[in-house]
Amino acid sequence: MMTTPVPGFPRITHNPQVMGGKACIRGMRVTVSMVLRELAAGTKQEELLANFPYIEAADIAECLRYAAWLASDQVFNFNDAA
């Protein structure tokens, strides 16, 4: 099975045989969610790049853009949840 880039996000890919099909950076075993968790935990971009020398600043920016795109697509009606 091939790695498929997400339309509009060329650095974000999906492959059912890599990390269970989660969104990854450029087909590597580095998931978008891992990058986002690290940033949310306070890890600076420079630290992330030093800890994972095979990713690039553009990868991190694309993860943030992808997350914003996913979040903007969700509409919740909390009145119906009660």
Side-chain angles (χ1 to χ4, degrees):
M1 182 134 303
M2 290 185 55
T3 298
T4 307
V6 175
F9 300 92
R11 291 175 171 267
I12 308 298
T13 59
H14 288 274
N15 182 336
Q17 296 177 342
V18 177
M19 302 302 286
K22 291 181 181 180
C24 292
I25 296 174
R26 294 183 284 121
M28 296 184 283
R29 300 180 69 78
V30 178
T31 63
V32 170
S33 61
M34 185 277 303
V35 171
L36 296 173
R37 272 194 313 274
E38 288 291 323
L39 293 172
T43 303
K44 303 287 185 219
Q45 178 172 306
E46 296 76 22
E47 289 178 83
L48 202 53
L49 294 171
N51 292 339
F52 301 93
Y54 36 85
I55 66 171
E56 302 169 359
D59 296 322
I60 296 171
E62 187 113 319
C63 286
L64 291 168
R65 231 174 36 84
Y66 181 67
W69 175 72
L70 287 176
S72 70
D73 196 35
Q74 300 296 317
V75 177
F76 296 98
N77 185 344
F78 291 101
N79 293 327
D80 291 343

Determine the sole option in D59, T13, I60 for which the side-chain contact (heavy atoms from CB on, under 4.5 Å) test with I25 is passed. D59
When rounded to the nearest 0.5 angstrom, what distance separates CD1 in I12 from CD in E62? 5.0 Å
Looking at every heavy atom in both P10 and P5, which two are closest together, and how far apart are they? O-CB, 4.2 Å
Determine the minimum heavy-atom distance between A57 and L49, stating which atoms define it. N-CD2, 3.6 Å
State the CE-CE distance between M34 and M19, to the nearest 0.5 angstrom. 8.5 Å
Correct closest heavy-atom pair for A67 and L36 would be CB-CD1, 3.6 Å
Taking a hydrophobic cluster as the set of Ile, Leu, Val, Met, Phe, Trp and Tyr residues connected by side-chain heavy atoms closer than 4.5 Å, whether directly or through intermediates, do V32 and V6 fall within one such cluster? yes
Suppose the criterion is side-chain hydrogen bond (donor to acceptor under 3.5 Å, both in side chains): which pairs have a residue in residues 38-47, not counting sequence neighbours? E38-T43
Euclidean distance, R11 CZ relative to R65 CZ, rounded to 0.5 Å: 10.5 Å
How are the rings of Y66 and F9 set relative to one another: parallel (under 30°), tilted (30 to 60°) or perpendicular (over 60°)? perpendicular
Partner residues of R37 under the salt bridge (charged side-chain N to carboxylate O under 4.0 Å, His left out) criterion, sequence neighbours left out: none
To the nearest 0.5 Å, what is the distance between NE2 (H14) and SG (C24)? 8.0 Å
